[in-house]
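Structure first, commentary second.
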There are 2 protein chains.
Amino acid sequence: MTDINSSKPFSGGPNRPRPRTGKSGGNPLFLREEELRQAIEMLFFAYRDFTGEPDKILAERGLGRAHHRVIYFVGRYPGMTVSSLLDILKITKQSLSRVLSQLVQEGYISQEQGSVDRRQRLLTLTDQGHEMERLLTETQRKRIARAYRAAGPEAVEGFRAVMLGIMSSDDDRDRFGDRPE
Amino acid sequence: MTDINSSKPFSGGPNRPRPRTGKSGGNPLFLREEELRQAIEMLFFAYRDFTGEPDKILAERGLGRAHHRVIYFVGRYPGMTVSSLLDILKITKQSLSRVLSQLVQEGYISQEQGSVDRRQRLLTLTDQGHEMERLLTETQRKRIARAYRAAGPEAVEGFRAVMLGIMSSDDDRDRFGDRPE
DNA sequence: AATTTATGTCAGTCATGTTGACATATATGC
DNA sequence: GCATATATGTCAACATGACTGACATAAATT
């Protein structure tokens, strides 16, 4: 076999596998089922590619996706507390601890005692942290910008509405309450 | 402190962290930056919740998210080959191998020698595999259905357009070429 | 007959998540 | 002031799922 087809799965030929759709032709549920499955797959493919570039950059520096998340959200909410971060990421304190202390140690994040509640360690990015944040987020911002531009403003509204609907909690939806006017 | 606020990060008070937006007020790039960051975060929150329920079900049965992906795509493309699966998942052969052989051993997936190319192992779900696939996918289908219903058909079109734009490769976009009419 | 392809496997490593227990400092309620 | 709750950190042990690199086999292709 030449390699003409090898990079394209299911690229043709009599034995090309076809999606299994469960119900048969005229059933009105058929389309709905197919539509929903496509959404499931789109989420998988889009998220896989969305995280791919930052993952590469991180790996070159001995960091992982978990570090990216922490850097991202600390950059987004400067002075946030550890518990806020735990609420957002929905991982355990121990999982965060490992990642966070590494980031502090390697100079990406600085901790400062809270003035109101002195038990809190308020988290902020160092200059190095900001630089890394920009480097990582830039790839994702470009990707989204490209998709938004290609799809148009109405599509963007639709995308946002569906994404909000997919989330489980109102608390998370509320983060997006203030639309950019 | 009472727990009135503890479940809602940033729920108020003078010290509530605010998003850092980089550029200042009147800059037209400001809104764009905020809009793009919201998209980045929506992808994170939506995907986190989207995978949460299946992950729980899987964990109860000693399986993980990787098993779900394999079960899902084999259910979707019955008779698919191992290399097709590798192309879709974009993981290494070794990573897939462990997951796949466990699924075969535990009776979720059966392998059959290809008739055209006898090197191939064509993958299909067993009855038990189908049952598991339904169990797992049902939670995600319901979630998407709810989001689609709430957002409306135009929003769904927009969602699809943006998701396609986020993907890296035309090969993946092509999977969604045949719209449900 | 030589090469390529499809698949499988072994050994080792790393990142990231988990649970459960325990420790410390600080804040809050009575 | 004392008891309790909260915010944070830390230890040990473990599982999953990704990786690399090397090697093996059978079948297809050239």
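Chain A is the first sequence line, chain B the second, and so forth, proteins listed ahead of strands; every chain is numbered from 1.
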B/Tyr72: ring-ring contact (aromatic ring centres under 6.0 Å, His included) partners, not counting sequence neighbours: none
Within the 6.0 Å centroid threshold, strictly below: B/Phe44 and A/Phe73: yes
A/Arg119 side-chain proximity, nearest of C/dG8, C/dA27, D/dA27: C/dA27
Under-4.0 Å side-chain N/O to phosphate OP1/OP2 contact, B/Gln113 with C/dT7: no
Contacts of type salt bridge (charged side-chain N to carboxylate O under 4.0 Å, His left out), residue B/Asp55, not counting sequence neighbours: B/Arg65
Atom-pair distance (CG on B/Leu103; C1' on D/dG17), nearest Å: 13 Å
Sidechain-backbone polar pair: B/Thr126 side chain, B/Tyr108 backbone, donor-acceptor under 3.5 Å: yes
Whole angstrom value for the distance that separates P of D/dG9 from CG of A/Leu85: 10 Å
side-chain N/O B/Gln120 vs D/dA28 OP1/OP2, d < 4.0 Å: no
Protein proximity profile, nucleotides 15-22 of chain C - base contact B, sugar-phosphate-only contact S, no contact -, cut-off 4.0 Å on heavy atoms: SBBBBBB-
Between P of D/dT16 and CD of B/Glu60, the distance in whole Å: 14 Å
Spacing between B/Arg61 atom CZ and D/dA15 atom P, to the nearest angstrom: 20 Å
Length of the CG-C1' vector between B/Leu86 and D/dA18, whole Å: 13 Å
Residues B/Ser168 and A/Arg48: side-chain donor-acceptor under 3.5 angstrom: no
Name of the residue among A/Glu34, A/Glu35, A/Glu33 meeting salt bridge (Lys or Arg N to Asp or Glu O under 4.0 Å) with A/Arg37: A/Glu33
B/Arg118 side chain near D/dA26 phosphate (N/O to OP1/OP2, under 4.0 Å): no
Integer-rounded Å distance: C/dC14 P and A/Lys56 NZ: 22 Å
Length of the line joining B/Asp117:CG and C/dT7:C1', which is rounded to integer Å: 10 Å
A/Leu103: which of A/Met132, A/Arg98, A/His67 passes side-chain contact (heavy atoms from CB on, under 4.5 Å): A/His67
Nucleotide C/dG8, atom C1' - distance to CD1 of B/Ile109 in whole Å: 16 Å
